Amino acid sequence: AQSVTQLGSHVSVSEGALVLLRCNYSSSVPPYLFWYVQYPNQGLQLLLKYTTGATLVKGINGFEAEFKKSETSFHLTKPSAHMSDAAEYFCAVSEREYGNKLVFGAGTILRVKS
Amino acid sequence: SAVISQKPSRDICQRGTSLTIQCQVDSQVTMMFWYRQQPGQSLTLIATANQGSEATYESGFVIDKFPISRPNLTFSTLTVSNMSPEDSSIYLCSVGSGGAYNEQFFGPGTRLTVL
């Protein structure tokens with residue numbers, strides 16, 4: 001069965017600092033991995049995804065994530081935080097064998113301090 | 001990506017009543033999904049709604065409580081029946097992009113408060 005663990009329900013960084021949001025997954029087969037962002041009172045927006053091929057994937061707003069099979073991780077990073085990055089971030093996994101249904105992590109709220 | 005709208009955007013309801021949430025997509029899609037996001041929680045899949053077939057419910061969710069309609073390839077409704085305060089959540093619909101990876105795109109959500 002699939003599962004996703006996001007370490008840290010809240011992360012606080014200073015503006016301009018590195019953003020690192022951690023995600024570990026459990027999957028019996030090579031998974032598809034996603035990061036979504038949810039701004040206050042809004043739906044979810046897809047940031048980036050890993051399906052196959054290159055393990056370092058780039059997304060919108062300067063975010064990127066690296067799929068590390070040996071570590072079962074898919075951490076999200078951004079070199080320099082901006083105030084507009086403050087939001088909640090969800091890591092999700094899906095498997096073709098489960099009809100590509102998404103299983104979400106608990107979410108990480110990112111706070112950016114000026 | 002598809003443009004998805006939901007109605008209503010928010011509502012306050014009395015316990016024991018029912019609310020129907022609409023989800024409209026600007027293009028034809030095969031797979032639609034309904035999720036619940038309880039306060040301070042992550043998203044939980046309620047059911048998958050494919051056009052032309054009965055919705056498939058996840059463990060813990062039943063049709064009597066959350067009936068779903070999918071009359072065509074651009075529209076779906078979710079009804080929250082006989083509501084209680086525990087049903088206070090954000091309800092989101094999403095659509096699958098199709099293909100091998102089926103990434104999902106989400107609507108803005110419906111914020112429901114049950115008194």
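Below, chain A is the first sequence line, B the second, and so on; all start at residue 1. It should be emphasised that the depicted structure is a prediction, and the values quoted were computed from it without experimental measurement. The figures here come from the full heavy-atom set of this structure, side chains too, leaving out hydrogens, waters and symmetry mates.
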Most contacts with chain A, counted as non-hydrogen pairs under 4.5 angstrom, among R10(B), Q41(B), R111(B): R111(B)
Do I60(A) and L44(A) share a hydrophobic cluster, counting only Ile, Leu, Val, Met, Phe, Trp and Tyr and linking them when any side-chain heavy atoms are less than 4.5 Å apart? no
Say whether V112(A) and V11(A) are linked into one hydrophobic cluster, either directly or through other cluster members, by side-chain heavy-atom distances under 4.5 angstrom. yes
If I take atom CD from residue Q42(A) and atom CZ from residue F106(B), how far apart are they, to the nearest 0.5 angstrom? 14.5 Å
Taking all heavy atoms of L46(A) and all of F105(B), pick out the closest pair and write down the distance. CD2-CE2, 4.4 Å
Measure Q38(A) against the heavy atoms of chain B and call it side chain, backbone, both or neither at under 4.5 Å. side chain
What distance do Q37(B) atom CD and E88(A) atom CD have between them, rounded to the nearest 0.5 Å? 6.5 Å
Heavy-atom donor-acceptor pair, S42(B) side chain to G105(A) backbone, under 3.5 Å: yes
Report which part of Q6(B) has an atom under 4.5 Å of a heavy atom belonging to chain A: side chain, backbone, both, or neither. neither
Work out which heavy atom in E103(B) is nearest to a heavy atom in F34(A); give both atom names and the distance. CB-CE2, 3.6 Å
same_hphob_cluster(F33(B), F90(A)) at 4.5 Å side-chain heavy-atom cutoff: yes
If I take atom CG from residue L43(B) and atom CG from residue L102(A), how far apart are they, to the nearest 0.5 angstrom? 9.0 Å
Treat each ILVMFWY residue as a node, draw an edge where side-chain heavy atoms are under 4.5 Å apart, and state whether F74(A) and L76(A) are in one component. yes
Crowding at CD, E54(B) (>12 non-hydrogen neighbours, <6.0 Å): no
For the hydrophobic clusters of this structure (ILVMFWY residues joined by side-chain heavy atoms under 4.5 Å, transitively), does one cluster hold both L48(A) and V93(A)? yes
Okay, T48(B) and chain A: the region with an atom under 4.5 Å from a heavy atom over there is side chain
